Visitor: 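The following block contains the structure, expressed as structure tokens.
Everything quoted here is computed from the prediction, not taken from an experiment. Keep in mind that the numbers below use all heavy atoms, side chains included, and drop hydrogens, waters and symmetry copies.
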Amino acid sequence: MKLDGVRVYELLEAEKVTMTAAVPTIWLMLLAHMEANNLKLSTLRRVLIGGSACPRAMIEKFEKNYPASRSRMAWGMTEMNPVGSICAIKPDYDANDFEKILDVKAKQGAAPFTVEMKIVDDKDNEIAWDGKTFGRLKVKGVAVAEILLQG
């Protein structure tokens, strides 16, 4: 099956999909097809975006043009079975501040229950979660595969 905006749209509609996940490239193709043909998704309610960073403009487009298709960013790896973090809007966020909500939705989110994360330096010392400091991400959890490094 060819994976382009037309086919993804047809599949979502034919199968009456309510929640699905894809990488930003797939969502961009779908949005371009829907905009070019003035289409809406009749059953889709939740959109999970992962695999790479998502353009804030794409999240904004989903939220403004397709409000029923609430979008969320997520991050993970096959070794994590596969979700490592997911963005969620907490009750204490101001739901009326659209710009701040978009800023939150453009981030990877927090670890779900049973997943623990930390960032360490080259000496294995934990470092700040300040959005600026780089380090090594360490993750553990009940569905995280153990990887043994040699050497």
Side-chain angles (χ1 to χ4, degrees), residues 1-5 7-9 11-12 15 17-35 41 43-151:
M1 175 182 192
K2 186 175 181 183
L3 197 56
D4 60 12
R7 302 309 180 283
V8 171
Y9 178 82
L11 183 62
L12 292 173
E15 297 298 326
V17 174
T18 58
M19 192 251 183
T20 189
V23 298
T25 304
I26 299 297
W27 293 124
L28 289 170
M29 289 188 299
L30 175 64
L31 287 170
H33 170 66
M34 290 182 357
E35 287 175 356
L41 292 162
T43 59
L44 191 63
R45 299 291 173 256
R46 295 206 191 275
V47 171
L48 193 60
I49 306 164
S52 66
C54 177
R56 186 179 187 273
M58 187 173 77
I59 296 170
E60 184 174 6
K61 195 169 284 192
F62 265 119
E63 298 296 318
K64 284 185 174 177
N65 300 346
Y66 310 99
S69 303
R70 293 191 307 235
S71 60
R72 295 287 186 267
M73 287 293 300
W75 171 83
M77 298 183 295
T78 302
E79 300 86 355
M80 297 182 69
N81 195 26
V83 177
S85 70
I86 191 162
C87 178
I89 303 302
K90 297 179 181 178
D92 58 330
Y93 293 156
D94 182 357
N96 296 318
D97 193 335
F98 184 72
E99 294 301 316
K100 285 187 181 177
I101 294 293
L102 282 179
D103 289 340
V104 171
K105 286 187 173 190
K107 296 182 180 179
Q108 299 301 320
F113 181 67
T114 74
V115 175
E116 297 177 36
M117 295 184 192
K118 67 179 179 178
I119 302 173
V120 299
D121 62 18
D122 289 339
K123 295 181 181 175
D124 212 32
N125 298 309
E126 195 163 344
I127 57 177
W129 285 71
D130 59 10
K132 298 174 188 164
T133 308
F134 286 85
R136 298 172 188 259
L137 178 63
K138 290 194 165 188
V139 181
K140 70 178 182 177
V142 296
V144 177
E146 182 177 2
I147 299 174
L148 303 175
L149 301 175
Q150 301 288 326

Visitor: Tell me every residue that passes side chain to side chain contact (heavy atoms under 4.5 Å, CB included) with Glu116, counting only those two or more places apart in sequence or in another chain.
Guide: Lys140
Visitor: Show the atom names and distances, to 0.1 Å, of all donor-acceptor pairs under 3.5 Å that link a side chain in residues 19-30 to residues at least two apart or in another chain.
Guide:
residue : atom : partner : partner atom : Å
Trp27   : NE1  : Ala22   : O            : 3.1
Trp27   : NE1  : Leu48   : O            : 3.3

Visitor: Using the test side-chain hydrogen bond (donor to acceptor under 3.5 Å, both in side chains), find all partners of Thr133 that sit at least two apart in sequence or belong to another chain.
Guide: Asp130
Visitor: Which distance, rounded to the nearest 0.5 Å, do you find between the CD1 of Ile127 and the NZ of Lys132?
Guide: 14.0 Å
Visitor: Within this structure, what is the CD1-OG distance for the pair Ile49 and Ser71, rounded to the nearest 0.5 Å?
Guide: 4.5 Å
Visitor: Side-chain contact test, heavy atoms from C-beta onward, threshold under 4.5 Å: evaluate it for Glu79 versus Val144 and give yes or no.
Guide: no
Visitor: Would you please name every residue forming a side-chain hydrogen bond (donor to acceptor under 3.5 Å, both in side chains) with Lys123, sequence neighbours left out?
Guide: none
Visitor: Under the 3.5 angstrom rule, does the side chain of Thr43 hit a backbone N or O of Thr18 as a donor-acceptor pair?
Guide: no
Visitor: Would you give the length of the straight line joining atom NZ of Lys105 to atom SG of Cys87, rounded to the nearest 0.5 angstrom?
Guide: 7.5 Å
Visitor: Checking Glu126 now: which residues fulfil side-chain hydrogen bond (donor to acceptor under 3.5 Å, both in side chains) with it, not counting sequence neighbours?
Guide: none
Visitor: For Lys118, enumerate each residue passing the salt bridge (Lys or Arg N to Asp or Glu O under 4.0 Å) test, keeping only those at least two apart in sequence or located in another chain.
Guide: none
Visitor: By salt bridge (Lys or Arg N to Asp or Glu O under 4.0 Å), which residues pair with Asp103, not counting sequence neighbours?
Guide: Arg56
Visitor: Could you pull out all residues at least two apart from Lys100 that satisfy side-chain hydrogen bond (donor to acceptor under 3.5 Å, both in side chains)?
Guide: none
